[in-house]
2 protein chains.
Amino acid sequence: MNGPLTSSDIAREAGVSQATVSRVLNGSDRVAPGTRDRVLAVIERHGYAPSALARGLVTNRSQLIGVIVADITNPFYPEFIEAIGESLAARELRMLFYNGGLGDEEAYVRLLLEHRVEGIIFTSALRSSQAVRRLVDERFPLVLTNRSVDGADCDVVVGDNPAGAQAAAQHLLDLGHRRIGLITGHAEASTSVERAAAFATRLEAAGVELPAHLVRDAAFDQAAARRVAVEMLTGPDQPTALMCVNDVMAFGALNAARSLGLRVPEDVSVMGFDDIPMAGWEAFRLTTVRQPLAEMARASVRLLSERIAERGRPAQRLVYPSDLIVRDTTAVPAPDRRAAEARR
Amino acid sequence: MNGPLTSSDIAREAGVSQATVSRVLNGSDRVAPGTRDRVLAVIERHGYAPSALARGLVTNRSQLIGVIVADITNPFYPEFIEAIGESLAARELRMLFYNGGLGDEEAYVRLLLEHRVEGIIFTSALRSSQAVRRLVDERFPLVLTNRSVDGADCDVVVGDNPAGAQAAAQHLLDLGHRRIGLITGHAEASTSVERAAAFATRLEAAGVELPAHLVRDAAFDQAAARRVAVEMLTGPDQPTALMCVNDVMAFGALNAARSLGLRVPEDVSVMGFDDIPMAGWEAFRLTTVRQPLAEMARASVRLLSERIAERGRPAQRLVYPSDLIVRDTTAVPAPDRRAAEARR
DNA sequence: ACGCTACATGAATGCGCATACATGCGTCAA
DNA sequence: TTGACGCATGTATGCGCATTCATGTAGCGT
């Protein structure tokens, strides 16, 4: 009576062979109804659970999917993880979860491979990720979600960052902003780079300058964004609006404004990107760009399991639309506002 | 060349036996330095990763720990998961992650057991959980974090809920509040029950009534708490303060107040419990009760791995202190709402 | 009644590894 | 020089399961 029961234990008690137990477990085979019921009864009675280790060893299918997240405390990710978890469960797949995946990706991937995961979902790969490129070269099933990696020809699920960022820029331009600060994420994150580039391009096209000191990196981090925003809002050449390439950093900017006694949007406008659920909370009411996060998460799982089933298929790149969501953190810039009020 | 390399492949190429490869992989054994280097070179060259499935089958150690969370989108959990992940990694353990564990716990646990997890961390067990009790009966290694289960004699890591809730009650009483609303979590969650009970007791001891219609359940959910708070703040017998048994619900209450145009703390005071990082954000500046979340998470992992090593040891219950953190959402009550409005 | 088929089931095998046991070699004391 | 011993390494085995092949039995037609 050491450790969990085995299929042989069940077989003995049910008076059949181990092979038969295996057959009823896997349903498909032809087993006499009476035998099946008898075996199932024994399984039920003991709460027998077949070993996924042994099964995986034989079938070469671990039922495990590795999911790598850079920072689960960043409120962007939980939504994703939730949706991924649901999709995985629906496909009889379990999640081997790794948080902090930015550091030594190599080590993480190694561990995942030891456990013979059938595939990996990277939610926060860096553009230059060696680990990702190597896996792609080996045709190991993986999908990049919300990010892409330079030169890696693999399945990718992203939002339409350029369109979203341009819409954001246009929104601020339309309001009349001409001095705009941009808070970017990690310089190695495609998401940040794409959004920042498109935003800058749109501004440039409208003849609005985006000086270097108004473009700051905050690595997708709330606290860092808060610091950077404080600096921009107290430094020279203060912006009338702050664009952040994700919502979490926009919360940081909002916190910064509040800590400085500035009103949003009266004194500064703030924009985010992603439209995570918190962005809609009364505490924020953040103007942002919506991405269909849950849908993107589901698509990632779908793509991954399709690739597992068919390794040779051509890589797909799914691009989801981005929609401008105007809430309460953006308005006409302050000077104009005064003028407008005076005009009345 | 199907599937990953095996130790036999490595052995063949290194000119040794499979057993020797296994020996160098597991370090300990006496292997000639020259042989070891040769084998390691081959392993390195091919990026060979030994199968955790096969190893687990032999050693009966999967290196997997199941972690069950009720709702990862609840900002309380990511902190926990992060800390748990780090502790697990430090012990060469991986996280098999399950979100949504409140629903069919039975099914989840079954899956975890199939994968032969060495232990399970429940972060959101319900008081009456059958699944937990059964596991405890079977002496399966598990620890309950932030929750306890009635009649389950197992390792538990919790904050000092009674002390924290009493401190919260005392704080509101000291400020002069006499009509206080209480928003509770899931009625089956020990955390909620303990906090609510201690809070009520303290009020009662001070001769302050806590009428039934001012005690509402919001299941630890932000949106539900928001709804309930709106009802209490617009209904009859409006409270001057709202105590929420966790921070996330306090955010809901804050959102409710804001949506009603009520100022916090001038018109209503709001308190939470947990002191998750967001509670300190300028957007909230929530008065709350701090629990050492990361420490509790680490202790959970420690307890679990100790129990895995020694199944027979007596169950431990670790109680961590709770500290009142006074920030900006609590103040002396407005004499009454009308007076407050008249003043404006 | 006989032989044949279809089907239910058992026996045997191997997945990749750790480990107990066996072997062969060098070393050292006598 | 010899036998005993220790060390490095090889051989054999089994973990729990899926699966292939072998076997026996019932059911069928003629």
Side-chain angles (χ1 to χ4, degrees), chain A residues 1-40 42-43 46-64 92 110-111 113-118, chain B residues 1-40 42-43 46-64 92 110-111 113-118:
Chain A
M1 174 66 263
N2 300 321
L5 293 176
T6 72
S7 55
S8 301
D9 295 330
I10 301 299
R12 193 174 320 118
E13 181 155 341
V16 298
S17 73
Q18 179 268 325
T20 297
V21 173
S22 178
R23 287 192 186 99
V24 350
L25 280 175
N26 296 297
S28 46
D29 268 300
R30 297 84 49 97
V31 180
T35 309
R36 157 169 290 123
D37 292 347
R38 193 151 31 96
V39 171
L40 285 178
V42 177
I43 287 176
H46 291 80
Y48 164 72
S51 165
L53 300 178
R55 182 198 301 145
L57 190 58
V58 177
T59 61
N60 218 12
R61 298 206 44 214
S62 63
Q63 295 181 275
L64 257 28
E92 297 284 280
R110 162 70 63 108
L111 295 182
L113 293 181
E114 285 195 0
H115 282 271
R116 297 297 185 260
V117 294
E118 298 182 33
Chain B
M1 174 65 274
N2 300 321
L5 294 177
T6 72
S7 56
S8 301
D9 296 330
I10 300 299
R12 193 174 320 115
E13 180 156 342
V16 297
S17 72
Q18 178 268 325
T20 297
V21 173
S22 178
R23 287 190 187 102
V24 350
L25 279 175
N26 296 296
S28 48
D29 267 302
R30 297 83 49 94
V31 179
T35 309
R36 156 168 290 123
D37 293 346
R38 195 152 29 96
V39 172
L40 285 177
V42 177
I43 287 175
H46 290 80
Y48 163 72
S51 164
L53 299 179
R55 182 197 300 145
L57 190 57
V58 177
T59 62
N60 216 11
R61 299 207 41 216
S62 63
Q63 297 180 275
L64 258 26
E92 297 284 280
R110 162 69 65 109
L111 294 182
L113 292 181
E114 285 195 1
H115 282 272
R116 297 297 185 259
V117 294
E118 299 183 31

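The sequence lines fix the lettering, A, B, ..., with proteins before strands; numbering per chain opens at 1.
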Using a 4.5 Å cut-off on heavy atoms from C-beta on, say whether the side chain of [Y] contacts that of [X].
X	Y	value
B:Leu64	A:His115	yes
A:Arg38	A:Val16	yes
A:Ile10	A:Leu5	yes

Quick one: [X] [atom1] to [N] [atom2], roughly how many Å, whole number?
X	N	atom1	atom2	answer
B:Leu5	C:dC15	CG	C1'	15 Å
B:Asn60	D:dC15	CG	P	11 Å
B:Leu53	C:dC15	CG	C1'	10 Å
A:Asn26	D:dC17	CG	P	11 Å
B:Arg116	D:dC15	CZ	C1'	12 Å
B:Arg61	C:dA18	CZ	P	12 Å
A:Asp9	D:dC15	CG	P	11 Å
B:Arg12	C:dG16	CZ	C1'	13 Å

Closest nucleotide of DNA chain C for A:Pro33 versus for B:Leu25: which of these residues is on the 5' side?
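Nearest-nucleotide comparison on DNA chain C picks A:Pro33.
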
Let me spell it out: for each of B:Leu57 and A:Gly15, pick the nucleotide of DNA chain C with the closest heavy atom. Which residue's pick is nearer the 5' end?
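Closest to the 5' end, via its nearest nucleotide, is A:Gly15.
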
Trace of the side chain to side chain contact (heavy atoms under 4.5 Å, CB included) decision for A:Val24 with A:Thr35
CA-CA 9 Å; A:Val24 350; A:Thr35 309; 5.7 Å; no

Measure the CG-CZ distance between A:Leu53 and B:Arg55 for me, rounded to the nearest 0.5 Å.
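Going from CG on A:Leu53 over to CZ on B:Arg55, the span is 11.0 Å.
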
Nearest-0.5 Å distance that lies between atom CD in A:Glu118 and atom CZ in A:Arg61:
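With rounding to 0.5 Å, CD (A:Glu118) is 4.0 Å from CZ (A:Arg61).
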
So, does [X] get its side chain near the phosphate of [N], meaning an N or O under 4.0 Å from OP1 or OP2?
X	N	answer
B:Ser51	C:dC15	no
A:Thr35	C:dT9	yes
B:Thr6	C:dG16	no
A:Tyr48	D:dG16	no
A:Ser22	D:dT19	no
A:Ser7	D:dA18	no

Does A:Arg23 make a side-chain donor-acceptor contact with the base of D:dT20, cut-off 3.5 Å?
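Pair found.
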
Side chain of A:Ala19 only, please: which of D:dC15, D:dT9, C:dA12 is the nearest?
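Of the options given, the side chain of A:Ala19 lies nearest C:dA12.
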
Selected nucleotide, minimal atom distance to B:Gln18 side chain, candidates C:dA8, D:dC15, C:dA18
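That would be C:dA18.
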
Find the bend of the helix from C:dA1-D:dT30 to C:dA30-D:dT1 as the angle between its two terminal axes (five pairs each), to the nearest 10°.
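Helix axis angle between the two ends: 50°.
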
Run the side chain to side chain contact (heavy atoms under 4.5 Å, CB included) test on B:Asp9 and B:Glu13 for me, step by step, so that the C-alpha distance in whole Å, both residues' side-chain angles and the decisive distance to 0.1 Å come before the verdict.
CA-CA 6 Å; B:Asp9 296 330; B:Glu13 180 156 342; over 6 Å; no

Hey, which sits more toward the 5' end of DNA chain D by its nearest nucleotide, B:Val58 or B:Val16?
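Going by which nucleotide is closer to the 5' end, it is B:Val16.
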
Given side chain to side chain contact (heavy atoms under 4.5 Å, CB included), test B:Tyr48 with B:Val39 step by step and report yes or no.
CA-CA 11 Å; B:Tyr48 163 72; B:Val39 172; over 6 Å; no

